2 protein chains.
Amino acid sequence: MANQSPCLDQVFAALADPTRRAIVMRLCAGEASVGELADPFAMALPSFMKHIHVLETSGLVLSEKSGRVRTCRLSPDALLGAEDWFQQQRAIWEARLDRFEAYVMKLKKEKERAAAKRPSRTTKRKGSE
Amino acid sequence: MANQSPCLDQVFAALADPTRRAIVMRLCAGEASVGELADPFAMALPSFMKHIHVLETSGLVLSEKSGRVRTCRLSPDALLGAEDWFQQQRAIWEARLDRFEAYVMKLKKEKERAAAKRPSRTTKRKGSE
DNA sequence: CGATTGGTTAGCCATGAAGCTAACTATACA
DNA sequence: TGTATAGTTAGCTTCATGGCTAACCAATCG
């Protein structure tokens, strides 16, 4: 019952913006100052800083200021947490698919057995593979 | 150079909402009607339908109506696409970490070699691990 | 010291997202 | 045929987001 997702909200929201995804991608390659990060974007600094702030409050990015330059780096935990979520969903999804496949196989076998018993009923299924 | 992300925007935005994540999780376990999906949520139907619509336009969910009931199911592609994004970032991140580690190792060796040459300079580094 | 650079704060605006109610459509059931 | 069920559409509020400008620190550098 524990709602383990209060941070996923913010992580996904942060990653929903292409600018912020680009920042994350850039930071994957190594830490950088705000100015360096902002450079490729045609955007006023304050606007850009908002993105940085969103990334920070989501936990995706850490930063600290030394002198007058703020250096940002990736905090892998949030990223990994989000990736985990996908993997969990995929696990459930795939488990279901396996069960479904097993079910289909069972049906198939039963049908074959039935067909063997009374061959009168010919191939009368529609597009079921 | 191809900007393969116009959909990631919508996928991540869709997943940023806990209601919609819950819907996705529910659909991982198998398809369901809108009514079934909406049942656990204390929310007016039209509001809930908006979430369904967001999930559909993001490509995460497919639905079709037969009779008066609309049945929803997960479309795994978008989910996998988003998961891919994480894996790509992690790959870059880890490659960098490896390079960084190699670099640190190199520094370490050089330091040891230097220390072996002139043992005068004792342990004079500050908290660098 | 004074100017420049790098970032920050404050405040404004437009848009969109998330919720609601009310009214409507269309299928299914009696 | 009439009524209940399952969604849908329309339209409204409220609040968050993403962008801007202008003014403001605070380190550096000449």
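Quick note on labels: first sequence line is chain A, next is B, and so on, each numbered from 1. All values derive from a computational prediction rather than experimental measurement.
Tracing side-chain contacts under 4.5 Å through hydrophobic residues (I, L, V, M, F, W, Y), one reaches B/Met49 starting from B/Met43; they form part of the same cluster.
Taking side-chain N and O atoms only, A/His51 has no distance below 4.0 Å to OP1 or OP2 of D/dT17.
Position along DNA chain D of the nearest nucleotide to A/Ala13 versus A/Pro46 favours A/Ala13 as the more 5'-ward residue. Of the residues near DNA chain C, B/Ser66 and B/Ser47, the one whose nearest nucleotide (by heavy atom distance) lies more toward the 5' end is B/Ser47. Nearest-nucleotide positions on DNA chain D place B/Val69 closer to the 5' end than the other of B/Val69 and A/Gly67. Nearer to the 5' terminus of DNA chain C, by closest-nucleotide assignment, is the contact made by A/Thr71 (compared with the other of A/Lys50 and A/Thr71).
Protein atom CG of B/Leu45 is 17 Å distant from nucleotide atom P of C/dA18, rounded to whole Å. Across the protein-nucleic acid pair, B/Met49 atom CE and C/dC20 atom C1' stand 16 Å apart, rounded to whole Å. In this structure, NZ of A/Lys65 is placed 7 Å from C1' of C/dG6, rounded to the nearest angstrom. Atom CG in A/Asp39 sits about 14 Å away from atom C1' in C/dT5, given to the nearest Å. Rounded to an integer number of Å, the gap from A/Gln10 CD to D/dA16 C1' is 13 Å. For A/Arg20 and D/dT17, the CZ to C1' distance is 8 Å, given to the nearest whole Å. Atoms CZ (B/Phe48) and P (C/dG19) sit 11 Å apart, rounded to a whole Å. B/Asp9 has its CG atom 14 Å from the P atom of C/dG16, to the nearest Å.
Judged by the 6.0 Å and 45° rule, A/Arg96 forms a cation-pi pair with A/Trp93.
The side chain of A/Val54 approaches D/dG18 more closely than any other nucleotide in the set D/dC20, D/dG18, D/dG7. The side chain of A/Met43 has D/dG19 as its nearest neighbour among D/dG19, C/dT8, D/dG7.
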Practice problem: Decide salt bridge (Lys or Arg N to Asp or Glu O under 4.0 Å) for A/Glu83 and B/Arg90; before the verdict, give the C-alpha distance in whole Å, the side-chain angles of both, and the deciding distance to 0.1 Å. | Solution: CA-CA 9 Å; A/Glu83 198 181 352; B/Arg90 191 156 49 82; 2.7 Å; yes
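Backbone-only engagement by B/Ser33 is indicated by non-hydrogen atom pairs under 4.0 Å involving sugar-phosphate atoms exclusively.
Distance check: A/Leu27 CG to A/Ile52 CD1 gives 7.0 Å after rounding to the nearest 0.5 Å.
Residue B/Ile92 comes nearest to A/Ala29 through the heavy atom pair CG2-N, 4.4 Å, listed as atom of the first residue, atom of the second, then distance.
Under 3.5 Å, the side chain of B/Arg68 and the base of D/dT5 form at least one donor-acceptor pair of N or O atoms.
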